[in-house]
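Note that the coordinates shown come from a computational prediction; the quantities given were computed from them, not determined experimentally.
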Amino acid sequence: MAEVKTKQNTASVKDFLMSVEDEGKRRDALELLKIFTEITGEEAKMWGGSIVGFGKYHYKSERSSQEADWMLTGFSPRKQNLTLYVISGFDAQQQHLENLGKHKTSVGCLYIKRLSDVDLEVLKKIIKSGYESMKKLHKI
C-alpha cells in the first residue's frame, strides 16, 4: 500500500505564503492565515509543500487499511483558486453556502478566486463549523 505523501512538516508557513507569486493571492492567503488562526486557536503548520493546516487527527480508512495523520482544517493558495479544506463536508452548511458569494465546492474543498468574492463573515462561519465538526467527530 502507498504511504500518504502529504504530511505535517517543519517548513515555515510564513516563508511559503510570502513565496506566492501573485500579490493578490498572497495578500488573501495571509488574511486566511489570520482568520484560521483566530478561529481554531491552533498554530499553522505546513502539510506537504503547499497546504497550511490547523490541528491534527488520526485517519483510518474504512475501505482500505490506509491510515495517517491529517489536518482538521486548512487552506492552500493554489494557482487557480484559494482552496479551503472543510474536511467535514458541506451537508450542514447549505444555507451558509447560499449566502457566501462566488465559490465552488467538492467533497471537502471550498474553492474561491479571491476573498473579495465572498462574504468574510459567512466564510468564517463555514470554517468554524467545519473545524468544530471535525473536533467533535474525532473527540479532540
Side-chain angles (χ1 to χ4, degrees):
M1 175 181 52
E3 184 177 337
V4 176
K5 293 180 182 175
T6 304
K7 295 180 181 181
Q8 183 177 311
N9 61 67
T10 60
S12 168
V13 171
K14 288 277 190 180
D15 287 350
F16 166 66
L17 295 178
M18 294 308 293
S19 75
V20 174
E21 289 184 25
D22 180 277
E23 183 181 336
K25 194 164 298 246
R26 181 174 56 249
R27 189 172 39 250
D28 283 352
L30 290 168
E31 183 63 23
L32 283 174
L33 176 63
K34 289 178 192 173
I35 291 169
F36 275 84
T37 300
E38 179 181 301
I39 289 171
T40 67
E42 305 264 5
E43 181 182 354
K45 299 283 186 178
M46 288 301 300
W47 287 78
S50 62
I51 299 173
V52 179
F54 299 82
K56 180 168 62 171
Y57 72 100
H58 193 73
Y59 168 86
K60 288 185 181 184
S61 174
E62 295 175 10
R63 293 178 296 214
S64 71
S65 59
Q66 186 176 31
E67 63 180 279
D69 289 332
W70 195 244
M71 66 190 148
L72 293 170
T73 190
F75 70 92
S76 181
R78 305 260 184 218
K79 191 169 199 148
Q80 289 281 3
N81 298 291
L82 295 166
T83 302
L84 283 70
Y85 297 94
V86 183
I87 313 296
S88 61
F90 300 100
D91 291 343
Q93 307 233 23
Q94 290 309 310
Q95 186 169 3
H96 291 319
L97 290 175
E98 290 171 12
N99 297 316
L100 178 60
K102 191 174 178 181
H103 71 279
K104 292 182 182 179
T105 61
S106 64
V107 176
C109 294
L110 174 65
Y111 306 100
I112 57 178
K113 288 276 187 196
R114 59 190 64 84
L115 290 181
S116 61
D117 288 342
V118 298
D119 182 318
L120 285 182
E121 293 309 309
V122 174
L123 182 63
K124 289 175 184 179
K125 289 176 184 176
I126 291 170
I127 294 166
K128 183 176 183 176
S129 176
Y131 173 73
E132 289 177 351
S133 292
M134 289 301 291
K135 284 185 73 171
K136 184 177 180 181
L137 178 66
H138 296 284
K139 297 173 179 65
I140 298 171

Looking just at side-chain N and O atoms, do Tyr111 and Ser106 make a donor-acceptor pair shorter than 3.5 Å?
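Yes, Ser106 and Tyr111 have a side-chain donor paired with an acceptor closer than 3.5 Å.
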Closest non-hydrogen atom pair between [X] and [Y], with its separation:
X      : Y     : value
Val52  : Val13 : CG1-CG1, 3.9 Å
Asp119 : Asn99 : CB-O, 4.0 Å
Ile87  : Leu72 : CG1-O, 3.4 Å
Glu21  : Arg26 : O-NH1, 3.5 Å

Could you see if [X] belongs to whatever hydrophobic cluster contains [Y]? Use Ile, Leu, Val, Met, Phe, Trp, Tyr and a side-chain cutoff under 4.5 Å.
X      : Y     : answer
Phe90  : Tyr85 : no
Ile35  : Leu17 : yes
Val118 : Leu33 : yes
Ile112 : Val86 : yes
Ile140 : Trp70 : yes

[X] (side chain) donor-acceptor with [Y] (main chain) under 3.5 angstrom:
X      : Y      : answer
Tyr131 : Thr73  : no
Thr37  : Lys34  : no
Asn9   : Gly48  : yes
His103 : Gly101 : yes

To the nearest 0.5 Å, how far apart are [atom1] in [X] and [atom2] in [Y]?
X      : Y      : atom1 : atom2 : answer
Lys14  : Met46  : NZ    : CE    : 13.5 Å
Thr40  : Lys128 : OG1   : NZ    : 11.5 Å
Leu100 : Gln94  : CG    : CD    : 11.5 Å
Glu98  : His96  : CD    : NE2   : 11.0 Å

Beyond-backbone contact of Ile126 with Leu84, side-chain heavy atoms, under 4.5 angstrom
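The answer is no, as the side chains (C-beta and beyond) never meet within the 4.5 Å cut-off.
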So do Met71 and Gln8 actually touch side chain to side chain, heavy atoms under 4.5 Å?
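In short, these two side chains do not touch, never coming nearer than 4.5 Å.
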Salt-bridge contact [X]-[Y] (side-chain N to carboxylate O under 4.0 Å):
X      : Y      : result
Glu132 : Lys135 : no
Asp117 : Arg114 : yes
Arg27  : Glu31  : no

Check the surroundings of atom NZ in Lys125: do more than 12 heavy atoms from other residues, nucleotides or ligands lie under 6.0 Å from it?
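Atom NZ in Lys125 is not packed in, count stays at 12 or less.
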Does CD in Gln95 sit with more than 12 non-hydrogen atoms of other residues, nucleotides or ligands closer than 6.0 Å?
no
Qualifying side-chain hydrogen bond (donor to acceptor under 3.5 Å, both in side chains) pairs, either residue in residues 44-59, two or more places apart
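Listed by first then second residue: Ser50-Arg78, His58-Glu67, His58-Asp69.
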Centres of the Phe36 and Phe75 rings: under 6.0 Å?
yes
